[in-house]
There are 2 protein chains.
Amino acid sequence: MSVQSVDRALDILEALAERGGEAGLSEIAARTGLPYGTIHRLLQTLLARGYVRQESDRRYALGGSLVRTGGVAQRMVGGWAEPYLAKMVELSGETANMAVLEGDFVVYVAQVPSPRRLRMFAEVGRRVLPHSTAVGKVLLADRTDAAAVFGRTGLPRRTEHTITSVDRLLAELETVRDRGYALDLGEEELGVHCLAVPVSDGDRVVAGMSVSGPAERISALDRDELARGLRKIADDFGSEAFGSGRQGF
Amino acid sequence: MSVQSVDRALDILEALAERGGEAGLSEIAARTGLPYGTIHRLLQTLLARGYVRQESDRRYALGGSLVRTGGVAQRMVGGWAEPYLAKMVELSGETANMAVLEGDFVVYVAQVPSPRRLRMFAEVGRRVLPHSTAVGKVLLADRTDAAAVFGRTGLPRRTEHTITSVDRLLAELETVRDRGYALDLGEEELGVHCLAVPVSDGDRVVAGMSVSGPAERISALDRDELARGLRKIADDFGSEAFGSGRQGF
DNA sequence: AAGCATTTTTCCGCCTAGTGGAAAGGGTAT
DNA sequence: ATACCCTTTCCACTAGGCGGAAAAATGCTT
């Protein structure tokens with residue numbers, strides 16, 4: 001049903017991405033379980049097209065050609081997310097956002113603003129640090145290297161409520177995993193509260209969706225009930241947008 | 001030398017990207033020249049992996065899986081660009097940036113700041129409109145649909161120098177094509193001048209690199225000589241980062 | 001509502017394009 | 001200088017992929 005060599009080429013690209021965009025041939029072999037000759041041949045093909053690049057030490061890295069298609073795809077995904085974000089706005093009355101983790105940063109990729117007069121507005125494309133945002137917390141809760149991320153970024157204090165202790169933050173991520181949603185109680189911007197839920201591709205958390213608004217309005221909502229509603233929407237979106245991924249086991 | 005089916009799968013992905021991320025099977029066939037059966041089979045493979053998605057009207061679109069790899073690749077490219085941007089800083093004494101076009105926006109993907117006390121600082125990841133920036137102009141100069149972009153974005157006045165007439169702007173793009181570099185004379189921010197040059201993958205303009213600084217300092221430089229120097233650096237980077245693309249003709 | 005044109009999907013025999021084990025070639029650490 | 005590890009090349013085998021053409025689905029026109 002599937003074309004073997006294409007499948008394998010994608011495996012290689014993904015293996016490279018998981019290793020942070022760079023790996024040696026044998027590292028790829030270890031991860032994918034493919035024979036060396038095969039990997040080398042497929043890499044040559046990707047190399048010739050600029051999807052992979054070879055460094056001077058003969059290691060392989062993801063190449064520039066992925067940027068173009070990736071950018072186009074990101075806008076598409078943002079577009080598909082809009083109806084779902086609109087549902088979240090309907091449910092909560094507040095502005096809804098979708099964000100992904102890019103490196104150590106949270107990047108907003110789509111937004112549907114609240115119809116209210118007083119509302120949040122975070123431009124699409126904006127980058128923020130994960131430790132002080134609800135989406136950042138859901139995104140990191142799924143990763144085992146959260147502590148390393150905090151090590152690199154530090155935990156700059158944004159407001160008096162920002163959590164600046166690594167231990168407290170890791171404990172909070174634990175809570176996020178357990179209850180399935182994350183909060184930001186004025187940690188990024190004073191007077192602004194957010195509630196975020198994960199978007200999964202069936203295997204891993206690939207994005208986060210959140211609603212944000214003035215502290216008083218958000219506090220007035222029933223958190224658990226809201227979270228339940230948002231999770232449902234995020235799950236629907238996840239299976240629609242990323243759903244066909246990871247089949248064939 | 002190259003694996004045929006992988007090459008073809010990449011052709012399909014690129015055809016989709018060129019069509020704005022969405023196309024019917026026969027559109028892809030027209031563009032790639034591949035037989036229907038073959039395209040369909042390859043699309044099924046990409047579909048199963050989430051690299052492509054099928055809409056309700058049976059058309060195909062780029063899928064979410066590209067976002068992950070694309071994001072990782074973008075950071076890699078930004079990293080490779082740094083030594084080149086550093087050379088530009090050395091040459092001009094001013095902050096150097098690299099940016100790409102994402103949809104109708106210019107997105108900064110890498111930066112090396114000037115060592116001077118008074119310097120430009122535009123955060124990586126920032127989005128701006130193309131009409132009022134030098135990088136925006138080089139990026140659009142290569143596209144035939146620049147007028148359409150301006151139609152969608154409008155030409156908001158950022159300063160008293162911003163060009164707000166479509167005709168004047170299109171004429172300026174013509175000039176940019178001819179002389180090989182673009183200027184921004186306080187059109188985005190008062191008192192800030194920029195000079196940008198294109199980065200090509202050998203076929204099309206895929207990014208722009210620019211230097212920006214206080215109007216007085218930039219004016220004091222010999223534009224044509226500076227442009228020549230920057231072009232050389234940008235060309236070197238282009239062939240290094242995207243160079244192995246488009247072989248095999 | 002029926003028929004026509006267009007586009008997408010399925011099928012299957014042919015055979016080429018891809019596979020992968022193993023050996024040769026490079027780098028670099030000891 | 002040598003040994004080890006990682007990468008690249010080679011080649012005989014055959015499974016995996018190819019693509020023409022028919023079937024099915026969709027949607028447009030009359």
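Naming convention: chains lettered A, B, ... in sequence-line order (proteins, then strands); numbering from 1 in each chain.
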Could you check how far [atom1] of [X] sits from [atom2] of [N], rounded to whole Å?
X	N	atom1	atom2	answer
A:L25	D:dC5	CG	C1'	12 Å
B:L34	C:dT7	CG	P	17 Å
A:R41	C:dG21	CZ	C1'	12 Å
B:L42	C:dA17	CG	C1'	14 Å
A:L47	D:dT7	CG	C1'	13 Å

Does [X] have a side-chain nitrogen or oxygen under 4.0 Å from the phosphate oxygens OP1 or OP2 of [N]?
X	N	value
A:Q4	C:dG18	no
A:S5	D:dG16	no
B:R8	D:dG19	yes
B:H40	C:dT9	yes
A:Q54	D:dT8	yes
A:Y36	C:dA24	no

Would you indicate what A:S26 reaches in the nucleic acid, counting non-hydrogen atoms under 4.0 angstrom: base, sugar-phosphate, or nothing?
-> sugar-phosphate
For DNA chain D, whose closest nucleotide is more 5', that of B:P35 or that of A:A23?
-> A:A23
Is B:E174 salt-bridged to B:R177, going by a charged N under 4.0 Å from an acidic O?
-> yes
